[in-house]
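Everything below concerns the one structure shown next.
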Number of protein chains: 2
Amino acid sequence: MNTNSPANTANETHGTAEAMTTPGSLPSATPAFSPLYQQIKTLILKSLQGGEWKPGDVIPSEQDLAVRFKVSQGTVRKAIDELAADNLVVRRQGKGTFVATHAERHIQYRFLRLQADNGEEMRAERKIVECRRLRASAEISRLLGLRSADPVVFVRRVLAFQGTPTILEDVWLPGTPFKGLSLEALSSDQGPMYAFFESEFGVRMVRANEKIKAEGASAEAATLLGVPPGHPLLSVERIAYTYNDVPMELRRGIYRTDSHHYKNELS
Amino acid sequence: MNTNSPANTANETHGTAEAMTTPGSLPSATPAFSPLYQQIKTLILKSLQGGEWKPGDVIPSEQDLAVRFKVSQGTVRKAIDELAADNLVVRRQGKGTFVATHAERHIQYRFLRLQADNGEEMRAERKIVECRRLRASAEISRLLGLRSADPVVFVRRVLAFQGTPTILEDVWLPGTPFKGLSLEALSSDQGPMYAFFESEFGVRMVRANEKIKAEGASAEAATLLGVPPGHPLLSVERIAYTYNDVPMELRRGIYRTDSHHYKNELS
DNA sequence: CAGTGGTCTAGACCACCAA
DNA sequence: TGGTGGTCTAGACCACTGC
């Protein structure tokens, strides 16, 4: 068989952790055994997706969750350990476990890998160049998992460091979850864009993939970044995902790398 | 105080886990408490550095290590969990825990992030252009943690994919650990360079940092990669480290990104 | 079958935080 | 002081591998 479901002494009365795994329902073919803590992780994840706890909130204590799911505290602990490793949640000894957010001081700009060649602090001056709604092209809709011609929001902005325009970003967002996004709201907001998305639209970016190339500056990019056309620039295409691997943003960044570099740590 | 050292029942006879932590020796100022499993991790790490177990080898079972260090199996487990998370060790259920190596089929080219734009397989044709010993420049010696004018080995190679030269790599290695490295040996070797370093010189690269920029092709690079001078190319400067954060390689890669891209996953 | 890693539990105690 | 996460232990049982 596939001895799953708590299987411990307590497995009787009312329940939240029922129908945990894949019992004998389906024929056979890969029993798909899933450890308890994985199932707990999935349940917690669902609560995160469902908005039971919002970014910055405390989630219930390990003990409470253990009672709720009818498993031992150690099992909950292992589930939360993985969520913490995935950066979905942050543990703080003595205080509790919190839903991760892009709004925190130190974890700010978690996805921005550009650094000054000298280790200096980078305070970005941000300027939204435009923000408008349009219909997704075939390519954009494919990358965002939309249907062709679905509404999207397009944002273009320039980031400058110490007066030098350094980053040009074009951002495409699915129109439905980002209904109401405007140039004014974007411009007046301080802080990371992803924190803004969390607070204003309830959309939390969880992970992202980037494809990096070297490209010569287009006429447009050259103008906006103040470099000659053809100047070598870093092109960074990012797809950012919310919970459940749902793509929620396409971002094409063009970086000047005269006095900055993209930093990556391999292990 | 700072109740450390096993502190469990068994803490008497012969020992390997003596003088574990920081007792009352030093005055005060940050007691520097370190959990047992961290200390165990450090001990295992020392054995890895010391070559007690070589890349590809099995290390002793959790139970054996628990006995050896006089802690519970769970504590050893947590230590090994972290080593596995750091990619220093690989767990294989039913078989044992193995020292990680660059020679494995699937983990091959762990540090190479270049991919074909279409997801195609990339079989590299490699060509060593030159290999010679020289004295480290001030910059090279600084980056490798050497003294100026220390001997280093310089290697230049070109990687081509489907006949198109795509990667030009300049590699600097500290002369002492890599004594005897020759163009012939490098050329005749198949497989990843880092696997070769492991088997021939006992040097295992554990992690690396990369700084990425966009640059116009130099005359030299243009010739070797078959692009016009000034053509935008990706410049990847990597410093690779062995155990203990000791730098062991400086590598400057120049990548064509016409039909390839550098892939990065953020989380 | 024995040996290895993997899961789960239960309980004790420690470190940190806030009230 | 009580609550939270963090560490450590001990023991049971499961899943995978190879003899």
Side-chain angles (χ1 to χ4, degrees), chain A residues 1-11 17 20-22 30-42 44 53 57-85 89-99, chain B residues 1-11 17 20-22 30-42 44 53 57-85 89-99:
Chain A
M1 277 308 281
N2 179 352
T3 358
N4 232 206
S5 78
N8 52 352
T9 66
N11 196 11
M20 283 288 216
T21 186
T22 68
T30 342
F33 163 79
S34 168
L36 241 194
Y37 74 87
Q38 280 289 1
Q39 304 173 38
I40 303 299
K41 181 183 174 187
T42 301
I44 298 176
W53 314 301
D57 285 359
V58 216
I59 73 174
S61 74
E62 297 177 351
Q63 196 45 248
D64 288 354
L65 290 172
V67 170
R68 165 160 162 187
F69 296 132
K70 290 190 149 56
V71 296
S72 80
Q73 195 225 14
T75 300
V76 171
R77 171 156 264 273
K78 183 142 190 184
I80 294 181
D81 277 346
E82 294 212 345
L83 291 170
V89 117
V90 176
R91 323 190 73 141
R92 283 201 257 272
Q93 183 172 148
K95 298 170 85 173
T97 301
F98 298 76
V99 182
Chain B
M1 280 301 281
N2 179 352
T3 355
N4 232 209
S5 78
N8 52 354
T9 66
N11 197 11
M20 282 289 214
T21 188
T22 68
T30 341
F33 163 81
S34 168
L36 242 194
Y37 74 87
Q38 281 288 0
Q39 304 174 39
I40 303 299
K41 181 184 174 185
T42 301
I44 298 176
W53 316 300
D57 284 2
V58 215
I59 74 173
S61 74
E62 295 177 352
Q63 197 43 250
D64 288 355
L65 290 172
V67 171
R68 166 160 160 187
F69 297 132
K70 292 185 149 57
V71 296
S72 80
Q73 195 227 13
T75 300
V76 171
R77 169 156 267 273
K78 182 142 190 185
I80 294 181
D81 276 347
E82 293 212 345
L83 293 170
V89 117
V90 176
R91 323 191 72 138
R92 283 202 258 272
Q93 181 172 151
K95 299 169 85 170
T97 300
F98 298 77
V99 182

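Values reported hereafter were calculated over all heavy atoms of this structure, with side chains retained and with hydrogens, waters and symmetry mates removed. Here is the naming used below: chain letters follow the sequence lines, and residue numbers restart at 1 for every chain.
- At a threshold of 4.0 angstrom between heavy atoms, the contacts of B:Arg77 include nucleobase atoms, whether or not backbone atoms are also involved.
- Taking only side-chain nitrogens and oxygens, B:Arg91 never comes nearer than 4.0 Å to OP1 or OP2 of C:dT4.
- The salt bridge (charged side-chain N to carboxylate O under 4.0 Å, His left out) search around A:Asp64 returns none, not counting sequence neighbours.
- For the pair B:Glu62 CD and C:dT4 C1', the computed distance is 8 Å after rounding to whole Å.
- Side chain to side chain, A:Gln73 and A:Glu62 meet the donor-acceptor criterion of an N or O pair below 3.5 Å.
- Rounded to whole Å, atom P of C:dG6 lies 15 Å from atom NZ of B:Lys78.
- The shortest heavy-atom contact between B:Arg91 and B:Ala84 is CG-CB, 4.1 Å.
- Look at B:Lys95 and you won't find any side-chain N or O under 4.0 angstrom from OP1 or OP2 of C:dG3.
- Taking for each of A:Gly94 and A:Thr75 the nucleotide of DNA chain C with the nearest heavy atom, the 5'-most of the two is the partner of A:Thr75.
- Of the candidates C:dT7, C:dG5, D:dT9, the closest approach to any side-chain atom of B:Ser72 belongs to D:dT9.
- Note on B:Thr97: every side-chain N or O is 4.0 Å or more away from OP1 and OP2 of C:dT4.
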Kindly determine whether A:Ile44 and A:Phe69 satisfy side chain to side chain contact (heavy atoms under 4.5 Å, CB included), including the steps that lead there. CA-CA 10 Å; A:Ile44 298 176; A:Phe69 296 132; 3.9 Å; yes

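- Summarising the geometry, the separation between CD on A:Glu82 and P on D:dG5 is reported as 17 Å, rounded to the nearest angstrom.
- B:Gln73 has its CD atom 16 Å from the P atom of D:dC13, to the nearest Å.
- Side chain of A:Ser61, nearest nucleotide from C:dG6, C:dT7, D:dT4: D:dT4.
- The nearest whole Å value for the distance from the CD atom in B:Gln39 to the C1' atom in D:dT7 is 12 Å.
- At least one side-chain heavy atom of B:Ile80 sits under 4.5 Å from a side-chain heavy atom of B:Ile59.
- Between A:Gln93 atom CD and C:dA15 atom C1' the separation is 5 Å, expressed in whole Å.
- In this structure, the CD1 atom of B:Ile40 is 9 Å from the P atom of D:dC8, given to the nearest Å.
- In this entry the distance linking CG of B:Leu36 with P of C:dC13 reads 17 Å, nearest Å.
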